[in-house]
Asks: 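Encoded as structure tokens, here's the structure I'll be asking about.
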Amino acid sequence: MTRTSERPIRARMAPSPTGRLHIGTARTSLYNFLFARHVGGTYVLRIEDTDLVRSTEDDERDIIDNLHWLGITWDEGPQVAGGEDIGPYGPYRQRNRSELYAAEAARLLESGHAYHCWCTPEELEAVRREQEAAKEAPRYNGRCLRLTDADLAQFAAEGRKPAIRFQVPAETVRFDDLVRGEVEFDNRLLGDFIIVRADGSPLYHFVVVVDDEKMEITHVIRGEDHISNTPKHIALIRALGYREPRFGHIPLILNADRSKMSKRKSQTSVTAYREEGYLPEAMVNFLAFLGWSPGTEEEIFTLDQLIERFDLAQVHKGGAIFDKDRLNYLNGIYIRSLTDEQLALRLRHFLPEALDDEGVLRVVPLIKERLVKLADARELAAFLTESDDEVAALYDADKLVPKGRSVADATAALRAAREALGELAAADFAADVLESRCRAEAERLGWTAGDFFRPLRVAVTGRSVSPPLFGSMELLGRDRVLARLDAALRKSSLQESLA
RNA sequence: GCCCCCAUCGUCUAGAGGCCUAGGACGCCACCCUUUCAAGGUGGAGAUCACCGGUUCGAAUCCGGUUGGGGGCACCA
């Protein structure tokens, strides 16, 4: 066997644009990336779009954009979705490599490693159903291996077009998996499989082998769901006279019920997490630790630190549940590690246009340590862009009145605050001034500060949970604060008179 | 059904024969701080290392079996 370890190291990610970038694909891409960068190898992006019906340019764009967003870079591949597709080992979209696959399939036909299969999908489906009913392994029965000239003439007369099927050699295949060690499989258990459809388009197991060879890939790191497919790939590699790459199968990311992470049971698209306001740094840190750990108690790592520390030998064998609580925790850590300016920049698209850049920057100190996700800023800062009427619509006695107090009490508190703050000039509407004034009022009325602040908070923000009260008042400004206090006063006096 | 893979607190994990009466983190609970909520601080509950046999003076760590879970077996990737 060729000693692949002596070839320059080349790894690849091979997403299929038949859906948004999947969390699992992102993690596999990340591990490949960390591996390639750690060893100083070359990293290649190949688009696996052999399924022309399901592949879309939108999905390719989503995948490439999100890979970039995560900070994953590559040396070869289509750099821009829908863009040019050239490079030293290009093209990198499989739809642009069909001549190559046709030629390699022809070689297999010629050498007798593959044969034409005239069975229709319906016929195959019927056989499969019979096998399942008989509790047998569902695999091809080899019918087209034993065709007579008469059969052939008949198919031709019917106008049938043949698919090309690979004849799997009866042998035991072994390989040394980079994360699992020695794996053995008896290929006699496999049925011959299709490598080219009747319409001439090639299938995954075939193209992946051809491309990995032609692109000189030395290390194939992929999800564990492919470990059972590896013997097929090795059989193909041998039949085609290719060099065998090293294989490494990483554990799967799981749904809460421990099944393979799927769209039905979990949120799997990276775009969705991005839109919720997860930071790429947090996502990368989180994903890296789903199946790998540096062997120490450190847990916060930048991409560069991950590259430095990553080692396939420390990748786990068991699958890991996607734990959103932990992602949330990490996201909070990364959000709080940003400067106010950096955070304001990232928050821009999550906040209403009505809040200008200066406005965003001014709310940041108030909401920063309250954000789990960037999108949380919308609710936290809503009181700033909502009109006084909108805020007033949120008032109700339940919120306005502190526990153990009456509506009359709340009214008294609001009135006291209204009068005290009304005496201040707009220029004096600063958090520290507002706070000392309000505390003085609370003391004068014999209220605890906490109780006294509650009606004010609801009056000013419409909510019983809000960013720090006086900072919020400062941002709102004198006129709007007083208007809201007045509105709350009307509401509570009204309720008082009704009571 | 057959084959392959896996197995430490609810979750992510440390652990590569004695350092483990199993460590950290998330989550949970309590307290502190405190104008709400957070953030932060302190403490706590939480794992007979799936089970059963071996090997060994000694096993979470090595071996075998059992059980459980997952994955694969497409003219999807």
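Proteins come first, then strands; the chains are lettered A, B, ... in the order of their sequence lines, and each starts at number 1.
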Asks: Listed by chain and number, what are the ring pair (Phe, Tyr, Trp, His ring centres under 6.0 Å) partners of A/F383, not counting sequence neighbours?
Replies: none

Asks: Near RNA chain B, which residues from residues 364-372 of chain A have a heavy atom under 4.0 Å away?
Replies: A/E369, A/R370

Asks: What's the gap between B/rC33 and B/rU42 when it is taken at their C1' atoms, as a whole Å value?
Replies: 11 Å

Asks: Once side chain to side chain contact (heavy atoms under 4.5 Å, CB included) is applied, do any residues pair with A/E419, and if so which ones, sequence neighbours excluded?
Replies: A/R415

Asks: Between the side chains of A/S201 and A/D199, is a donor N or O closer than 3.5 angstrom to an acceptor N or O?
Replies: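 Yes, side-chain donor-acceptor contact under 3.5 Å.
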
Asks: Are A/D211 and A/K214 ion-paired here, with the side-chain N under 4.0 Å from a carboxylate O?
Replies: no

Asks: Taking atom CZ of A/R188 as the centre, does the number of heavy atoms from other residues, nucleotides or ligands within less than 6.0 Å exceed 12?
Replies: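 Atom CZ in A/R188 is crowded, with more than 12 foreign heavy atoms closer than 6.0 Å.
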
Asks: For residues 11-32 of chain A, which residues have at least one heavy atom under 4.0 Å from RNA chain B?
Replies: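 The stretch gives A/S16 as the residues lying under 4.0 Å from the strand, ordered by number.
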
Asks: In whole angstrom, give me the gap between the C1' atoms of B/rG69 and B/rA45.
Replies: 28 Å

Asks: For chain A and RNA chain B, what are the first and last nucleotides along the strand, 5' to 3', with at least one atom under 4.0 angstrom from a heavy atom of the protein chain?
Replies: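 Terminal contacting nucleotides, 5' to 3': B/rG1 to B/rA77.
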
Asks: Residues two or more places apart in sequence or in another chain: which of them pass salt bridge (charged side-chain N to carboxylate O under 4.0 Å, His left out) with A/R180?
Replies: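 Counting only residues at least two positions away or on another chain, A/R180 forms a salt bridge (charged side-chain N to carboxylate O under 4.0 Å, His left out) with A/E224.
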
Asks: For nucleotides B/rG10 and B/rA16, find the distance between their C1' atoms and express it as a whole number of Å.
Replies: 27 Å

Asks: Could you tell me which residues satisfy side chain to side chain donor-acceptor pair (under 3.5 Å) with A/R418, sequence neighbours excluded, listed by chain and number?
Replies: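 Once residues adjacent in sequence are excluded, the partners of A/R418 under the side chain to side chain donor-acceptor pair (under 3.5 Å) criterion are A/D486.
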
Asks: Only distances under 3.5 Å count here; give the side-chain donor-acceptor pairs of residues 314-324 of chain A to other protein atoms, sequence neighbours excluded, each with its distance to 0.1 Å.
Replies:
from	atom 1	to	atom 2	distance (Å)
A/D323	OD1	A/D325	N	3.2
A/K324	NZ	A/E276	OE2	3.4

Asks: Taking only the P atom of each, what is the distance from B/rU61 to B/rC6 in whole angstrom?
Replies: 16 Å

Asks: Of A/L254 and A/H316, whose closest RNA chain B nucleotide lies nearer the 5' terminus?
Replies: A/H316

Asks: Name every residue in residues 194-202 of chain A that has at least one heavy atom under 4.0 Å from any atom of RNA chain B, in order of residue number, or write none if there are no such residues.
Replies: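 A/I194, A/R197, A/A198 - these, ordered by number, are the residues of the stretch whose heavy atoms sit under 4.0 Å from the strand.
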
Asks: Between A/E125 and A/R129 (salt bridge meaning N to carboxylate O under 4.0 Å), is one present in this structure?
Replies: yes

Asks: The criterion is side chain to side chain donor-acceptor pair (under 3.5 Å); which residues satisfy it with A/D376, sequence neighbours excluded?
Replies: none

Asks: Who are the side chain to side chain contact (heavy atoms under 4.5 Å, CB included) partners of A/E308, not counting sequence neighbours?
Replies: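 By the side chain to side chain contact (heavy atoms under 4.5 Å, CB included) rule, A/E308 matches no residue at all.
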
Asks: Please list residues of residues 185-193 of chain A whose heavy atoms come under 4.0 Å from any atom in RNA chain B, ordered by number; otherwise none.
Replies: A/F185, A/L189

Asks: Is it the case that A/S16 and A/D51 place a side-chain donor and acceptor less than 3.5 Å from each other?
Replies: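 Short answer, no.
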
